[in-house]
Colleague: 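My structure is below; once you've seen it, I'll send some questions.
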Amino acid sequence: MVQAISTSSCCNILFSKSHRPTSPHSLHRFNHYSPSFAHRISTGVQRKAVELPLPETVTQQVQNKEQRKTQFALENLTSWLLKQELAGNIDAELTVVLSSISLACKQIASLLQRSSIINLTGGQGTINVQGEDQKKLDVISNELFCNCLRSSGRTGIIASEEEDVPVAVEETYSGNYIVVFDPIDGSANIDTALTTGSIFGIYGPDEQCLIDLDDTSTLDQAREKCIVNVCQPGRNLLVAGYCLYSSSVVFTISLGKGVFAFTLDPTYGEFVLTHENIKIPVSGKIYSFNEGNYDLWDDKLKNYLDHLRRPGSNGKPYSGRYIGCLVGEIHRMLLRGGIYGNPKNKNSKNGNLRLLYECAPMSFLIEQAGGTAIDGVQRILDVVPEQVHQRTPIFIGSPDEVQKLQKYLA
């Protein structure tokens with residue numbers, strides 16, 4: 001009786017199960033395969049076959065097949081948020097809030113792309129609480145954000161840069177999240193089709209200062225003071241993010257565990273994960289200051305900027321870039337490094353940017369990416385807001401660049 005043993009894909013070897021010695025003549029037939037193989041046959045000892053490596057061409061075919069499979073394995077914002085929920089990083093209510101914000105951003109992006117066609121450029125003819133002329137899309141975008149957040153049923157208070165005071169949301173049934181936002185950052189760029197963006201931050205409820213809501217009217221000063229207590233320093237943010245409206249629409253977010261960016265695919269209308277766990281470069285050769293205010297700044301800051309404009313060891317100075325939109329500045333900085341500054345000056349003792357709606361969320365993002373954000377004296381995230389629309393100076397960017405600035409300001 002014989003049994004077939006497969007030694008390769010090209011042949012089978014037959015041998016007897018009997019323990020009788022194999023003749024030298026029969027062993028000679030196997031020597032052209034391997035001497036060790038002939039030895040195993042002669043001794044009757046069974047050995048486990050060794051898997052031979054695949055030819056290089058076969059390995060390449062397998063790798064190419066795997067690459068083809070992953071080319072279409074896109075992860076959208078919705079599935080990513082669900083994964084974060086399953087991992088315990090956020091709860092179901094916060095998932096709903098973030099989904100409603102992403103919907104508002106999609107709607108704003110669509111309006112911006114068609115703004116000239118549907119006559120949404122130009123001013124609204126109104127002035128906001130900061131004394132700034134409102135653009136048509138300032139007002140519309142604010143309404144879009146508010147409506148999306150109200151309809152989510154998971155927000156207790158919403159505070160907008162375009163509103164005089166925070167607004168209590170009657171529709172809240174099971175959520176008390178506080179959302180602060182700037183619906184359109186850089187709205188002066190709308191009419192010239194340049195970069196704009198939206199900024200948002202989300203805080204948890206302050207159990208010591210929950211308001212008994214009886215209507216959707218704006219809050220009086222006493223209640224506003226309570227809201228300020230609820231809108232805690234930036235270090236207490238649960239989530240922060242922005243949406244960039246430019247050649248691409250990019251939704252960037254941090255849940256306190258890294259920074260992730262999703263690019264809107266217009267084919268599907270979905271935000272797709274394109275930048276995972278972003279880390280800001282430690283240093284960078286780009287600075288972004290509105291140098292039209294140079295003569296209004298103090299001498300220490302002037303000396304710092306003079307240093308940046310002088311050629312360095314490589315014979316080149318820093319490159320100056322100024323977009324006029326905080327979202328655009330931060331997005332470039334996350335990917336390329338550098339420093340952005342909006343300092344105080346003789347006309348604006350506290351700077352121009354709002355702490356709650358702009359500086360705190362952006363500082364949260366930058367720190368999550370490994371960067372630094374200060375007001376010239378202390379960390380932005382440690383500044384406790386005293387007013388809803390409080391302004392603050394800000395210097396933000398790569399850690400080495402901000403540290404260099406601090407030496408000049410000291």
Colleague: For the pair K106 (side chain) and G269 (backbone), establish whether a donor and an acceptor sit closer than 3.5 Å, ignoring hydrogens and angles.
Modeller: yes
Colleague: Check for a donor-acceptor pair, side chain of D298 on one end and backbone N or O of L301 on the other, with a separation under 3.5 Å.
Modeller: yes
Colleague: Going by the side-chain hydrogen bond (donor to acceptor under 3.5 Å, both in side chains) test, name the single residue among R309, E401, H307 that passes it with Y318.
Modeller: E401
Colleague: Quick check for you: to the nearest 0.5 Å, what is the distance between D138 atom CG and I190 atom CD1?
Modeller: 6.0 Å
Colleague: Atom CE of M333 and atom CD1 of I396: how far apart are they, to the nearest 0.5 Å?
Modeller: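 So the CE of M333 and the CD1 of I396 are separated by 6.5 Å.
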Colleague: Using atom types as modelled and distance alone, determine if a side-chain donor or acceptor of S141 lies under 3.5 Å from a backbone N or O of L137.
Modeller: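 Checked: pair present.
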Colleague: Counting the benzene-type ring for Trp, do F260 and F271 have ring centres under 6.0 Å apart?
Modeller: no
Colleague: Tell me if a side-chain donor or acceptor on H389 pairs with a main-chain N or O of L356 at a distance below 3.5 Å.
Modeller: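 Side chain of H389 to backbone of L356, a donor-acceptor pair under 3.5 Å: no, none is there.
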Colleague: Tell me, with the steps shown, if N347 and N293 meet side chain to side chain contact (heavy atoms under 4.5 Å, CB included).
Modeller: CA-CA 10 Å; N347 295 334; N293 294 323; over 6 Å; no
Colleague: Strictly distance-based, threshold 3.5 Å: is any side-chain N or O of S248 a donor or acceptor partner for the main-chain N or O of V250?
Modeller: no
Colleague: Got a donor-acceptor contact below 3.5 angstrom from the R321 side chain to the S288 backbone?
Modeller: no
Colleague: Pick from L77, T263, T267, L74: which one makes a side chain to side chain contact (heavy atoms under 4.5 Å, CB included) with V272?
Modeller: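 Of the listed residues L77, T263, T267, L74, the side chain to side chain contact (heavy atoms under 4.5 Å, CB included) partner of V272 is L74.
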Colleague: I'd like to check V327 versus M362 (side-chain heavy atoms, cut-off strictly below 4.5 Å). Are they in contact?
Modeller: yes
Colleague: Q232 and G204: which non-hydrogen atoms are nearest, and at how many Å?
Modeller: NE2-O, 3.7 Å
Colleague: With side chains defined as the heavy atoms from C-beta onward, is the minimum distance between F251 and I101 less than 4.5 Å?
Modeller: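 They are in side-chain contact.
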Colleague: Output, in order, the C-alpha distance, side-chain angles, deciding distance and verdict of side-chain hydrogen bond (donor to acceptor under 3.5 Å, both in side chains) for D91 and Y177.
Modeller: CA-CA 11 Å; D91 59 23; Y177 286 108; 2.7 Å; yes
Colleague: Compare all side-chain heavy atoms of K302 with those of L305 and state whether any distance is below 4.5 angstrom.
Modeller: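 With C-beta onward as the side chain, the pair stays apart.
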Colleague: Let me confirm one number: the CD1-CD1 distance from I178 to I158, rounded to the nearest 0.5 Å.
Modeller: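 Rounded to the nearest 0.5 Å, the CD1-CD1 separation comes out at 12.0 Å.
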Colleague: How far apart are the closest heavy atoms of G397 and I280, and which atoms are they?
Modeller: C-CD1, 3.7 Å
Colleague: With a 4.5 Å heavy-atom cut-off, do Y322 and Y287 have their side chains touching?
Modeller: no
Colleague: Do L308 and Y408 come within less than 4.5 Å of each other through their side chains, counting heavy atoms only?
Modeller: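 The answer is no, as the side chains (C-beta and beyond) never meet within the 4.5 Å cut-off.
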Colleague: Crowded around R379 CZ? As in, over 12 foreign heavy atoms under 6.0 Å?
Modeller: yes
Colleague: Do you know the tightest heavy-atom contact between P233 and Y203?
Modeller: O-CE2, 3.5 Å
Colleague: Using the side chain to side chain contact (heavy atoms under 4.5 Å, CB included) definition, which of the options V259, L255, L237 pairs with Q368?
Modeller: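 Checked V259, L255, L237 against Q368; only one passes side chain to side chain contact (heavy atoms under 4.5 Å, CB included): V259.
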Colleague: List the steps, then state whether side chain to side chain contact (heavy atoms under 4.5 Å, CB included) holds for L355 with I380.
Modeller: CA-CA 8 Å; L355 175 60; I380 288 288; 4.2 Å; yes
Colleague: Check the side chains of Y294 and D306 for a donor-acceptor pair under 3.5 angstrom, ignoring hydrogens and angles.
Modeller: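 A pair is found: one side chain offers a donor N or O, the other an acceptor, under 3.5 Å apart.
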Colleague: Checking the side chain of E367 only, and the main-chain atoms of T372 only, is there a donor and an acceptor separated by less than 3.5 Å?
Modeller: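 The answer is no, because no donor-acceptor pair under 3.5 Å joins these two groups.
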Colleague: Just by modelled atom types, is the D299 backbone N or O under 3.5 Å from a matching donor or acceptor in the N303 side chain?
Modeller: yes
Colleague: Distance-only, no hydrogens or angles: does the T192 side chain make a donor-acceptor pair with backbone N or O of N189 under 3.5 Å?
Modeller: yes
Colleague: Rounded to the nearest 0.5 Å, what separates atom CZ in F262 from atom CG in L81?
Modeller: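 Answer for the CZ-CG pair, F262 versus L81, is 6.5 Å.
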Colleague: Looking at T196 and G186, would you say the former's side chain and the latter's main chain have a donor-acceptor pair under 3.5 Å?
Modeller: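 No, the answer is negative, given that no donor and acceptor are paired below the 3.5 Å cut-off.
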Colleague: If we only count heavy atoms from C-beta on, is the R332 to I323 side-chain gap below 4.5 Å?
Modeller: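 With C-beta onward as the side chain, the pair touches.
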Colleague: Please examine the side chains of D182 and Y242, heavy atoms only from C-beta on, and report whether any two atoms are closer than 4.5 Å.
Modeller: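 No, their side chains stay 4.5 Å or more apart.
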Colleague: Applying side chain to side chain contact (heavy atoms under 4.5 Å, CB included), run through V180 and V388 and close with a yes or a no.
Modeller: CA-CA 10 Å; V180 297; V388 174; over 6 Å; no
Colleague: Tell me, with the steps shown, if I394 and S363 meet side chain to side chain contact (heavy atoms under 4.5 Å, CB included).
Modeller: CA-CA 9 Å; I394 186 171; S363 298; 3.9 Å; yes
Colleague: Between A360 and L381, what is the shortest heavy-atom contact and its length?
Modeller: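 Smallest heavy-atom distance, with atoms named: O-CD2, 3.5 Å.
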Colleague: Nearest 0.5 Å please: distance from the SG atom of C148 over to the CD1 atom of I108.
Modeller: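 Going from SG on C148 over to CD1 on I108, the span is 8.0 Å.
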Colleague: Please give me the minimum heavy-atom distance between C325 and G197, naming the atom from each residue.
Modeller: SG-N, 4.0 Å
Colleague: If you measure only the distance, is there a donor-acceptor pair under 3.5 Å linking the side chains of D400 and S398?
Modeller: no
Colleague: For the residue pair W297 and P343, what are the closest heavy atoms and their distance?
Modeller: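 In this case the closest contact between W297 and P343 is NE1-CG, 3.3 Å.
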Colleague: Using 0.5 Å steps for rounding, measure from the CG atom of D191 to the NZ atom of K136.
Modeller: 9.0 Å
Colleague: Is there a side-chain contact between V97 and L149 in this structure, where contact means two heavy atoms from C-beta onward sitting under 4.5 Å apart?
Modeller: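 Heavy-atom side-chain distance check passes, below 4.5 Å.
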Colleague: So is K404 actually on top of Y304's ring, under 6.0 Å and inside 45° of the axis?
Modeller: no
